[in-house]
J.: 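Quick one: structure below, then a few questions.
Since this is a predicted model, take the numbers as computed values, not measurements. Sequence lines set the chain letters: A, B, ... in the order given, protein chains first and strands last, and positions in each chain run from 1.
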Amino acid sequence: MGSLIPILDLNNLPESAAGTTPNTTISAVSMKVPKIEPKLEPFDEPLDTHLPQLPPEPFISTPTPNSLTNSQINPFSDQNHTPVSDSSAAPSDQENVYSEFHRISELFRTAFAKGLQSIGDGEVEVLDPDARAIVPVPQETQISEAVVARRKYPKRSSELVRVTDLNIEDQRYFRDVVRKTRMLYDSIRILTVAAEEKRNPGNGKRVRGDLQAASALRDRGLWLNRDKRIVGSIPGVYVGDLFFFRMELCVVGLHGQVQAGIDYLPASQSSNHEPIATSIIVSGGYEDDEDAGDVIIYTGHGGQDKFNKQCAHQKLEGGNLALERSMHYGIEVRVIRGIKCQGGISHKVYVYDGLYRIFDCWFDVGKSGFGVYKFKLLRMEGQGEMGSAILKFAASLRASPLSVRQSGYLSLDISNKKENVPVFLFNDIDSDQDPMYYEYLAATVFPTQVFHQSGKGTGCDCVDGCFGNCFCALKNGGEFAYDDNGCLLRGKPVVFECGPFCHCPPTCRNRVTQKGMRNRLEVFRSRETGWGVRSLDLIHAGAFICEYTGVILTREMAQIFAMNGDTLVYPHRFSDRWTEWGDLSQIYPDYVRPTYPSIPPLDFAMDVSKMRNVACYMSHSSTPNVMVQFVLYDHNNLMFPHLMLFAMENIPPMRELSLDYGVATVSEADEWTGKLAICN
DNA sequence: GCAGTATCAACTTG
DNA sequence: CCAAGTTGATACTG
């Protein structure tokens with residue numbers, strides 16, 4: 001009786017991101033849970049006969065403390081593990097443990113009696129579709145404001161589903177939903193912090209942008225995956241994806257607990273009255289954790305005081321029980337690792353490391369001497385490389401590239417020190433060395449007339465860095481384009497940075513892109529995309545990456561160049577991805593994206609046939625992680641802005657950077673090549 | 001049994 | 001080390 005569970009309902013997806021729903025139906029989600037032989041020795045007491053074919057279940061017996069042996073004290077008895085009756089635990093504690101087990105066992109006895117009829121011949125119907133909790137819509141009577149407030153945010157669903165076999169189109173759709181939601185989250189987070197800073201400059205107390213952004217999205221029903229509890233991977237979230245805030249994990253639906261490390265479907269909502277774990281965060285907060293990557297010994301939660309010191313025995317309830325039940329049914333859990341990192345916008349980064357299965361669990365005496373539950377998790381096969389491992393790998397590459405990779409490097413800096421940071425060139429798959437043959441161009445070269453046409457230079461008079469309403473802020477429409485970390489607040493037709501006519505120092509916050517690259521990039525060869533670019537550092541969403549450089553050609557010059565057959569880049573073809581960055585129209589219906597300062601359509605081409613920089617090697621994608629933002633600083637000629645590249649999402653190290661080069665429409669092509677042809 | 005309320009735990013952030 | 005802050009689970013109440 002393999003159980004089926006309903007299909008993921010596309011119609012119920014929040015309108016959040018994403019244009020249209022794909023018209024294909026998503027494959028049915030089958031929650032066929034493989035039977036796993038329990039490793040546990042059954043207790044002597046026989047199982048109730050009305051629970052057919054139930055795997056041996058130790059919880060059902062209720063031994064008295066006096067009759068317990070060490071191995072029986074431990075419900076997940078294993079000779080290798082220290083029994084709790086170890087001398088380090090005081091006798092009174094030991095008794096507590098006994099009574100605790102007594103209590104749990106009772107609890108289970110009743111739970112099993114009530115709800116386990118949905119379990120049979122080894123396949124577990126975790127969900128009974130017909131018995132699915134239907135959230136009733138109560139008649140509006142007299143209800144308190146608190147209730148109204150609560151109703152606005154419906155409870156998390158109790159419907160447990162697994163999403164499998166998404167086709168490419170669906171995958172792209174969900175990725176886009178996640179991408180847009182995260183962009184929105186980051187925009188709100190950055191903007192609220194910036195707004196508060198503007199209102200209250202130098203205030204020691206900082207507003208929690210992470211929380212504000214989350215509630216702004218929640219208020220509008222934009223949290224993802226609340227209508228289903230997803231077991232297994234979350235559509236649109238890839239192994240290796242990076243997050244900087246716990247709240248963002250909640251928004252995406254990867255992990256629904258703000259602080260707790262174990263997320264689970266609570267027993268009260270489960271169809272068989274047993275809790276089921278869905279995800280955990282391995283964050284190093286429990287001293288008894290042992291993390292070896294593919295194998296994790298994870299400590300359950302509870303028993304800690306305010307200072308995260310173990311001060312009491314853990315209990316087999318809540319998340320701990322859920323993990324045990326997930327093990328029992330062989331249900332996989334998502335694993336997210338929290339890794340300390342210096343610098344950046346947060347002191348911790350959360351990496352989605354994929355799915356694990358729980359293979360063992362036992363009650364142990366922790367380093368503190370108190371009883372803790374431990375779970376042994378093994379990473380499932382066939383998943384992408386672990387994000388946390390890639391982070392480590394990238395760190396070692398940064399430290400000493402040649403000792404990590406003996407061969408493959410064609411250059412340790414193709415920029416020849418023209419950039420702040422080296423640009424590596426790596427090819428370990430064929431003999432192509434093409435990028436070696438170009439002169440590295442760190443900044444775009446404009447025709448001299450560009451500077452003449454821009455007229456008398458104007459700048460601000462700030463002496464000590466720019467604040468508030470200086471001239472340059474006004475040029476940008478009254479606000480600076482960047483936050484304190486140098487992240488782009490929102491995309492604009494063009495950004496004015498401070499320049500040579502300003503009196504502010506080079507350290508001014510309004511000089512982000514002219515300060516140059518901050519991340520170590522690597523041009524690399526791949527079978528799929530030819531040459532590509534990736535970063536050895538993780539790049540924050542909104543961060544400046546590098547310029548797209550070339551030698552600027554006016555239309556007239558371009559015609560001559562094109563006759564030589566040189567390949568030219570036409571900047572007006574880049575898709576206006578900047579419009580997506582900081583677009584709050586989903587939050588404020590009357591939101592209009594910035595149109596000021598407006599610029600005329602670009603009318604120039606770029607020659608990259610002899611001189612170019614890293615950007616030239618970025619691949620095209622229709623779901624890019626990098627976008628173009630036009631920036632002016634060394635001249636004021638609106639016709640000829642710099643093409644500056646910013647990250648549209650948090651980009652993990654070693655992940656390929658991609659740009660939306662746009663598609664040349666027929667008319668565009670005509671416009672250029674047509675005229676060029678005439679010229680010919 | 002259920003809806004509303006109160007309480008509390010939780011590997012946060014700054 | 002602590003305060004502010006949020007969610008979800010659960011126990012309790014009528």
J.: Taking only heavy atoms on the protein side, list every residue of residues 292-305 of chain A lying under 4.0 Å from any atom of DNA chain B, sorted numerically.
T.: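 Nucleic-acid contacts, sorted: A:Y298, A:T299, A:H301, A:G302, A:Q304.
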J.: Measure the distance from CZ on A:F245 to C1' on C:dT7 and round it to the nearest whole Å.
T.: 17 Å
J.: Per the salt bridge (Lys or Arg N to Asp or Glu O under 4.0 Å) rule, what does the pair list look like for residues 242-251 of chain A, sequence neighbours excluded?
T.: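 Those involving residues 242-251 of chain A are A:R182-A:E248.
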J.: Taking only Lys NZ, Arg NE, NH1 and NH2, and the carboxylate oxygens of Asp or Glu, determine whether A:D263 and A:R156 approach each other closer than 4.0 Å.
T.: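 Judged by the 4.0 Å cut-off on N to carboxylate O distance, A:D263 and A:R156 do form a salt bridge.
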J.: Mind calculating the distance between CD1 (A:I276) and C1' (C:dA9) to the nearest angstrom?
T.: 16 Å
J.: Determine the sole option in A:L323, A:I297, A:D360 for which the side chain to side chain contact (heavy atoms under 4.5 Å, CB included) test with A:K374 is passed.
T.: A:I297
J.: Round to the nearest Å and state the distance from A:E197 atom CD to B:dG14 atom P.
T.: 14 Å
J.: Answer with base, sugar-phosphate or nothing: what part of the nucleic acid does A:G338 contact at a heavy-atom distance below 4.0 Å?
T.: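 It contacts nothing in the nucleic acid.
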J.: Can you list the stems that include DNA chain B, where a stem is three or more consecutive Watson-Crick or G-U pairs with distances under 3.5 Å?
T.: B:2-10 with C:6-14, B:12-14 with C:2-4
J.: Sequence neighbours left out, what pairs pass side chain to side chain donor-acceptor pair (under 3.5 Å) with at least one residue falling in residues 383-394 of chain A?
T.: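 Pairs touching residues 383-394 of chain A that pass the test: A:D353-A:S388.
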J.: Provide, to the nearest angstrom, the distance between the OH atom belonging to A:Y373 and the P atom belonging to B:dA10.
T.: 14 Å
J.: Sequence neighbours excluded, which residues qualify as side chain to side chain contact (heavy atoms under 4.5 Å, CB included) partners of A:S215?
T.: none
J.: Answer yes or no: is there an ion pair linking A:E649 with A:R175, defined by an N-O contact shorter than 4.0 Å?
T.: yes
J.: For A:N308, answer base if it contacts any base atom (sugar-phosphate contacts may also be present), sugar-phosphate if it contacts only those atoms, and nothing otherwise; contact means non-hydrogen atoms under 4.0 Å.
T.: nothing
J.: Please tabulate, one pair per line, each protein N/O and nucleotide N/O from nucleotides 3-6 of chain C that are separated by under 3.5 Å, including the distance.
T.:
unit_1: C:dG5; atom_1: N2; unit_2: A:Q259; atom_2: OE1; d: 2.3

J.: Can you tell me the distance, in whole Å, between the CD atom of A:E248 and the P atom of C:dT7?
T.: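 Atom-to-atom, A:E248 to C:dT7, this comes out as 16 Å.
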J.: With sugar-phosphate meaning primed atoms plus P, OP1 and OP2, does A:G285 contact a base, only sugar-phosphate, or nothing at under 4.0 Å between heavy atoms?
T.: base
J.: Of A:S268 and A:F307, whose closest DNA chain C nucleotide lies nearer the 5' terminus?
T.: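 Final value for this comparison: A:F307.
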J.: Expressed in angstrom and rounded to an integer, what is the separation of A:H347 atom NE2 from C:dC1 atom C1'?
T.: 14 Å
J.: Please list, chain by chain and in numerical order, all residues satisfying side chain to side chain contact (heavy atoms under 4.5 Å, CB included) with A:L489, sequence neighbours excluded.
T.: A:I190, A:L191, A:A194, A:D483
J.: Would you call A:R325 and A:E274 a salt bridge, using N to O less than 4.0 angstrom?
T.: yes
J.: List in chain and number order the residues that pass side chain to side chain donor-acceptor pair (under 3.5 Å) with A:Y591, two or more places apart in sequence or in another chain; answer none if no residue qualifies.
T.: A:R490
J.: For this output row, return yes or no: ring centroids of A:Y298 and A:F375 closer than 6.0 angstrom.
T.: no
J.: By nearest nucleotide on DNA chain B, pick out whichever of A:G209 and A:Y286 is the more 5' one.
T.: A:Y286
J.: Could you tell me which residues satisfy side chain to side chain contact (heavy atoms under 4.5 Å, CB included) with A:R208, sequence neighbours excluded, listed by chain and number?
T.: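 For A:R208 the side chain to side chain contact (heavy atoms under 4.5 Å, CB included) partners, ignoring immediate neighbours, are A:D210, A:L211.
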J.: Check the distance between B:dT13's P and A:L249's CG and give it to me in whole angstrom.
T.: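 Going from A:L249 (CG) to B:dT13 (P), I get 8 Å.
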J.: Quick one: A:N485 CG to B:dG14 C1', roughly how many Å, whole number?
T.: 13 Å
J.: Mind checking what makes side chain to side chain donor-acceptor pair (under 3.5 Å) contact with A:S535, not counting sequence neighbours?
T.: none
J.: Of the nucleotides C:dT7, C:dT10, B:dT13, which has the atom closest to the A:Y264 side chain?
T.: C:dT10
J.: Can you find a side-chain donor-acceptor pair between A:D227 and A:S157 that sits under 3.5 Å?
T.: no
J.: Nucleotides 12-14 of chain C: which of its N/O atoms have a protein N/O under 3.5 Å away?
T.:
none

J.: Considering every strand and a 4.0 Å limit on heavy-atom distances, what is the contact class for A:R229: base, sugar-phosphate, or nothing?
T.: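 Sugar-phosphate, no base atom in range.
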J.: Tell me every residue that passes side chain to side chain donor-acceptor pair (under 3.5 Å) with A:H540, counting only those two or more places apart in sequence or in another chain.
T.: none
J.: Quick check on B:dT12: is either OP1 or OP2 less than 4.0 Å from any side-chain nitrogen or oxygen of A:K348?
T.: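 For B:dT12, OP1 or OP2 has a side-chain N or O of A:K348 closer than 4.0 Å.
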J.: Tell me what A:G319 touches on the nucleic acid: a base, only sugar-phosphate, or nothing, going by heavy atoms under 4.0 Å.
T.: nothing
J.: For A:K376, does the NZ atom have more than 12 heavy-atom neighbours from other residues, nucleotides or ligands under 6.0 Å away?
T.: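 Not more than 12 within 6.0 Å, no.
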